[in-house]
Each structure stands twice: as C-alpha cells, then as structure tokens.
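Take a look at the structure below.
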Number of protein chains: 2
Amino acid sequence: MVSIKQVAKQAGVSFKTVSRVVNNDPNVREETRARVQEAIAALNYRPNRAARMMRNQQSGVIGFISDEVVTQPYAGDLLIGAQEVASQHDKVLMVVNIENDRIGRQRAIDMLLERRVEALVYASYYHKEVQVPQEMLQVPSVLVNCYAENETLTTFIPDEVQAGYDATRLLLEQGHKRIGHITLNPDIVASVKRLEGYRKALAEAGISYDPQLIVQGESRFDEAGDSASVEKAVAELLKLTHQPTAFVCGKDEFAMQAYFEFSKRGLQVGRDIAVTSFDNQRMIAPGLSPGLTTMALPHFEMGQAAMNSIFNQGDDMVTRLIPFSVIERQSHLLKN
Amino acid sequence: MVSIKQVAKQAGVSFKTVSRVVNNDPNVREETRARVQEAIAALNYRPNRAARMMRNQQSGVIGFISDEVVTQPYAGDLLIGAQEVASQHDKVLMVVNIENDRIGRQRAIDMLLERRVEALVYASYYHKEVQVPQEMLQVPSVLVNCYAENETLTTFIPDEVQAGYDATRLLLEQGHKRIGHITLNPDIVASVKRLEGYRKALAEAGISYDPQLIVQGESRFDEAGDSASVEKAVAELLKLTHQPTAFVCGKDEFAMQAYFEFSKRGLQVGRDIAVTSFDNQRMIAPGLSPGLTTMALPHFEMGQAAMNSIFNQGDDMVTRLIPFSVIERQSHLLKN
DNA sequence: CTGAAAGCGCTTACAG
DNA sequence: CTGAAAGCGCTTACAG
C-alpha cells in the first residue's frame, strides 16, 4: 500500500504538505495542491485511517457485540440502524457475534478492547436480561434489546406493554368482547409485558379479564416451531362455551399455525375470526391470507437510538422504551 | 487507556521487556516476568492491537461487505461462518452492510480499504450476479453467494442444480410420477438452475418432462409475499386433467401458501399430496403440519469456505459449488 | 505557504 | 537476559 511519503516524493513536496492536502488545510498554494492531488490520484493513495487515529488517540471504531442479532430473522436491522448513525459520525462498526460454543462473550470483548473501540453496543436478538461483563464499563456502553438487573448502563428496549395494548385495542375497536390470547413462553419479558398491555386495554374498555382466554402457545421447554402447542391452544379456546371471536397471537408463527387450525374447522380469518400478532415477519405476515396485522419490533429504531445516545454523551444513564410499529393488514377486520 | 510504557514504569523495567513478556519471548528472567505480569494485571493493560499491526504492516482485519446478508432471515449465517474461521486465525471482521440508499458500495470499500483490510469478502443475501468494483482487486477478495460475469474472483455459490435434483428425487423415490414445480422469478439463477435439477432427476427416472407442470409462483415484478400468485399456481396445477400428486415449491413461503390452498380444497399434505421445498426457514418449515421437507442453503458453510480460501492463498481462482443440506421432515412422505 | 521535529504504541533488528 | 535506536503512517505544535 502506498504511503504519504511516496506521494510526497512523487509530487516533489514534503509529506507534511501531502497531509495538508488530504486534510483540506486551506494553507496550501493552489498550484501545489493540484500537484499533490495529481500524485494522489496517480498512485491511488488512501490515507491509513489506523495510523491517523493512533496519533489522535482514537480508533474511530465502535464495537458491536451481537447476541445472535445477525442470524435471527430481521433482528439484523438493529445493526443496520446502528451502522447508519455510526457512519454519519464517520465511525465504523466492528461486529462480533457471540453464540454458545463459538466465540464467547469474554473473547469478543477482549478482541474489541484490544482494538480500542471508542464505545460498545451490546445487542440481543430478543428482549431479555443479560449479565453485563465488568469490562464493558471501561468504555461508554449501551444495551439494546436487553437489560441488566442493576441498571448500570443506558438501555433501549421495545415497549412491550404498549404493543400488547395496541394489538388488543385494534380488536376492541372492531367490537370484539371476547379476545383470546396465545402467549409466548411465560418466562420471557415479552410474554409478561404484552399480557399486561392486553389487560390494560380490556380494563380501559370496561371488559373484565377472563383467565380462561389466556393460553400458552409455547411452554417453557418448547422447541422452536412446535406446532402441537398452538394446535392445542386454539382447540382449548374454541371449546369454551363463550368462544372468543378474536385472537391476539404471541408471534407470527403462532398466527400462521392458528390460521391452519381455523381452516381445519371451516373458520376463516377475516370472516369468522379476527387476528392480531407480533413481529411482522416478512416471510409470513404478508403471505398469509388475509394479510396479518402485526406489531413490528423497532429493531432499526433501537439500533439508531442506541448509537445516537453514544454520540450524545450528555444524556444520563436511562432506560428508554422504543415503540413498536403497528402494521395494519386485513386480519384484524371482519368483512361479511 | 494504559500503554506499554506505563506498565514498564510500574514494573521498573524498560518497555521493551514488557513487550517481550506480552509476546511470550522466552528470554526473560522468571522473576522479571512475574514482576511485569503483576504490573499488567494491576493496571489492566491490554496491548494495542492497531499499534502492533501498524508496525507489522498488517491490520489483522478482514472486510466483510454484506449485501443485506445481516437483514435477511438466516443469511447472517454467512457472517457467522466467516467469523468463525477468521477468529481461528486471530483476525477480526469489519462488517459493512450496503443497501440501496444507505451506505453504498463505493463508500463501504473506501472505509474498508482505508482501514487496510487484509482481504475482502463480498457476500450477497441471495444468489445473484454482481458487478465487482475494481478496487476489490487491490486485496485478496472472494465472492460469496454471488458471482461476477468475468470470473475474476474466487467464488462460492450454492449448488442449485443439485438442490433441485434432490428436492425432486425425494418425491420420485416415493413413487410420484407427476410432480408440479412452483418456480421463483425466472430471472434469478436459483429458479433456472433448480429447474435444471428437476429435469435431470426426471430424465434419470425415465419420466418425460411436461412443461404444464411448471408454473411461476413469482412473476418478475412480484412483491415479496404476494400470496395471490401461489394461489393461482396451485389452482392451475390442480385443474390439469392429469393432476400432480407432488409439488416442488420454490421456497418455503410458497409451500406455506400451497398448504393453505390444499387445505381449502380438503387436501392434506402428507396424506393426499407430497411437498418439498427450498430454504429451511426455521420460522416456517418446522411449524407447518406436517413438517416441511426442504433444502437448506449452505450459508454457514459458504462463509467458512470463503474465509478458508483467503487463508489458503495457494488455491487458484475457482468457482466452488457448496451443497445444500437436505432437511427431511414429513411433507415428502404420504401415509395412508 | 512549507517543512523538520516529536510522538502515538508498538516491534524489529542490533548491542551489550 | 535486558535495553536504546529506528521506524510503521500519520498529525500536532512550532519554525521559518
């Protein structure tokens, strides 16, 4: 790779002058600048960012610790949001994905700290609690889509309660009074918080809460995609004497399976039953018929917000709730 | 951040001695080594990787240009595979995701080259042709899940023909003679090559090719997830006088929609109709009932292979086909 | 407007 | 076994 000295030699100036041209220092004679620029173009010179930053005592890189965000569907939008803001500030992201047996958290942080990252983003593919490694505190750090018990770091998480509220509200507005809710694994935050939102919406509408309408679509030990549990959940809800006319599904996969269960029974979403859901999996939601109305996780927005907070160090340590987007398709409406 | 000099001072040695200890040079007296290590621990010293690499004229970083691989479902496994191999070689990945309006290709390559990446991986989220920017040729580069017309670079792509063959073969082995094929957009490689595999399997089984059995599930201008086209495709195939008894679906989303179309007509996959598909979307394939038999794209393996080729520069420029994995669930079997 | 010196945090020869 | 010098590619004062 060609260095500043070679450019200087080619242009017949000192390497300091080349540095001036590269950095747009106005104190260079036009004629000199042109000559240097010519040499730069001729040699295809690119300033060595690392050398420059070493002198300035900053690396220009931000560490992004990905707890599977790049392998889970669309959670990668977290990264995109973060990258967008970082690149506006002329920083580059160094991504390390950690996963069970592969690269561990310790290794990831070591690699990043040896590179002198200016800040650290720790992002999880689903909303959960994490143990923050002590070393993260050595540089400005934020948590995205996850939180620490002791609240030591600025945190960005999705507003699950609001999402649960919205998903339920959409159905209430259509006049439904009996709304079934097929929940996620009860150990995860999303499950608990969304149920809270569901109850809040009911309460607000003056409808009393009926625990019979709440069934788990996912037990604590479920394999991903186990369709048997949704099958059972739907069966259970439909055999109630006072049947639900609408369903809030814990995720789009549940909704997909529920559509099948309805279909088996001759029931049709959009005609006999209304459905809302969570996640907006682009693989599923638009492809169902009718299209699935669902609450999209604010992955991109969380990534952006997290990175913005890094550049606005004035902010105190806070936990910020980022709203879901309500993606309205047809499944929450009934047409006769 | 603490530097080698501060450690030296603390330990009462020259900074060169600290360097020796850090690099496990045997020529250090045990007692000295112990003293230095103590100082390192006390100050929580971490060698500055960038400084070290600058002296050695290598950055230790490999550029990963992601053409949406981190945002598309499971394509991120490409990154994971690449990262795994890179980290075995003590290299770290610098990921830049390029996307329409956000960061462009030129910008991405500039950022990476300014960081003096030792090699470049260009990965696409689906198998397609790309224009390789000239600048990529300045460093060792490989293409993953995409290819260049002029074959200037080592390339790793999925073996579409074999996958098409396998998907069809599974059905032929069950005795099916009439196999419908719902294809992807005919402009993409996967569509063409898989059809080639389909025909090869038929020919081998001595079954003549019937163009009536081939319908597009996706037109050239389709929106993602448009369910209308699969609805039409299935209808068209089922109204043939000599109906197909099995279907090869171009992707799992098609299969999901086809399941619904069958269900509407009282047909059941696994009893009346056999299905195979492509992609192994974990969001869909295991959740369908019966579970969908599908060809999984070798994302992880392609990432690994690409990175390995970077470290084995002996290899000549080649195009290597990476096999899909056949994920057998129940949908290709008929049980009476 | 231009340049020579010093230094960022390291490692690579070379001395002792 | 240990250290002083030089240098990687830059930028930051300071001279002229």
Could you tell me how far D/dT2 sits from C/dG9 if I compare only their P atoms? Round to whole Å.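 It works out to 24 Å between them.
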Rounded to whole angstrom, note down the P distance from C/dC10 over to D/dC1. 24 Å
I'd like to check the salt bridge (charged side-chain N to carboxylate O under 4.0 Å, His left out) partners of [X]; sequence neighbours left out, ordered by chain and number.
X      : value
B/K16  : none
A/R105 : none
B/E149 : none
A/E129 : none

Nearest-Å distance for atom pair [atom1]/[atom2], residues [X] and [N]:
X      : N      : atom1 : atom2 : answer
A/M1   : D/dC10 : CE    : C1'   : 16 Å
A/R115 : C/dG9  : CZ    : P     : 17 Å
B/M54  : D/dC10 : CE    : P     : 9 Å
B/E114 : D/dC10 : CD    : P     : 10 Å
A/Q6   : D/dC10 : CD    : P     : 9 Å
A/M53  : C/dG7  : CE    : C1'   : 16 Å
B/K9   : C/dG9  : NZ    : C1'   : 17 Å

Result block: side-chain N/O donor-acceptor pairs under 3.5 angstrom for residues 56-64 of chain A, not counting sequence neighbours:
| residue | atom | partner | partner atom | Å |
| --- | --- | --- | --- | --- |
| A/Q58 | OE1 | A/K91 | NZ | 3.3 |
| A/S59 | OG | A/V61 | N | 3.2 |
| A/S59 | OG | A/R116 | O | 2.6 |

Once you measure the plane-to-plane angle for A/Y147 and A/H127, does it fall in the parallel (<30°), tilted (30-60°) or perpendicular (>60°) bin?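 The arrangement is perpendicular - the two ring planes meet at more than 60°.
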Is a side-chain donor or acceptor of A/H299 paired with a backbone partner of A/Y74 at a separation under 3.5 angstrom? yes
Within the side chain of A/S66, is there an N or O that forms a donor-acceptor pair under 3.5 Å with the backbone of A/V69?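 Yes, the answer is positive, given that a donor and an acceptor are paired below the 3.5 Å cut-off.
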Hunt down any stem DNA chain C takes part in, defined as 3 or more consecutive Watson-Crick or G-U pairs whose two distances are each under 3.5 Å. C:1-3 with D:14-16, C:5-12 with D:5-12, C:14-16 with D:1-3
Using a cut-off of strictly less than 4.0 Å between a heavy atom of the residue and any atom of DNA chain D, enumerate the qualifying residues of residues 37-46 of chain A by number.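 Residues of residues 37-46 of chain A under 4.0 Å from DNA chain D: A/Y45, A/R46.
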Partner of B/E114 by side-chain hydrogen bond (donor to acceptor under 3.5 Å, both in side chains), out of A/R49, A/R52, A/R46: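 Considering A/R49, A/R52, A/R46, a side-chain hydrogen bond (donor to acceptor under 3.5 Å, both in side chains) with B/E114 is found only for A/R49.
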Who passes side chain to side chain donor-acceptor pair (under 3.5 Å) against [X], sequence neighbours left out?
X     : answer
A/N24 : none
B/Q83 : none
A/D67 : A/K128

Close approaches to DNA chain C from residues 23-35 of chain B, in residue order (heavy atom, under 4.0 Å):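 Heavy-atom contacts with DNA chain C come from B/N23.
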Output yes when at least one side-chain N/O atom of [X] is less than 4.0 Å from OP1 or OP2 of [N], else no.
X     : N      : value
A/Q57 : C/dG9  : yes
A/N56 : D/dT12 : yes
A/K5  : D/dC10 : no

Short N/O separations, protein against nucleotides 3-6 of chain C, under 3.5 angstrom:
| residue | atom | partner | partner atom | Å |
| --- | --- | --- | --- | --- |
| C/dG3 | OP2 | A/S14 | N | 3.0 |
| C/dG3 | OP2 | A/S14 | OG | 3.0 |
| C/dG3 | OP2 | A/T17 | OG1 | 2.6 |
| C/dG3 | N7 | A/R20 | NH1 | 3.3 |
| C/dG3 | N7 | A/R20 | NH2 | 3.3 |
| C/dG3 | O6 | A/R20 | NH2 | 2.5 |

With salt bridge (Lys or Arg N to Asp or Glu O under 4.0 Å) as the test, would you mind laying out the steps for A/R35 and A/E38 before giving the verdict? CA-CA 5 Å; A/R35 203 141 37 90; A/E38 230 170 77; over 6 Å; no
Carboxylate-amine/guanidinium proximity below 4.0 Å for B/D77 and B/R282: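 Answer for the salt bridge query: yes.
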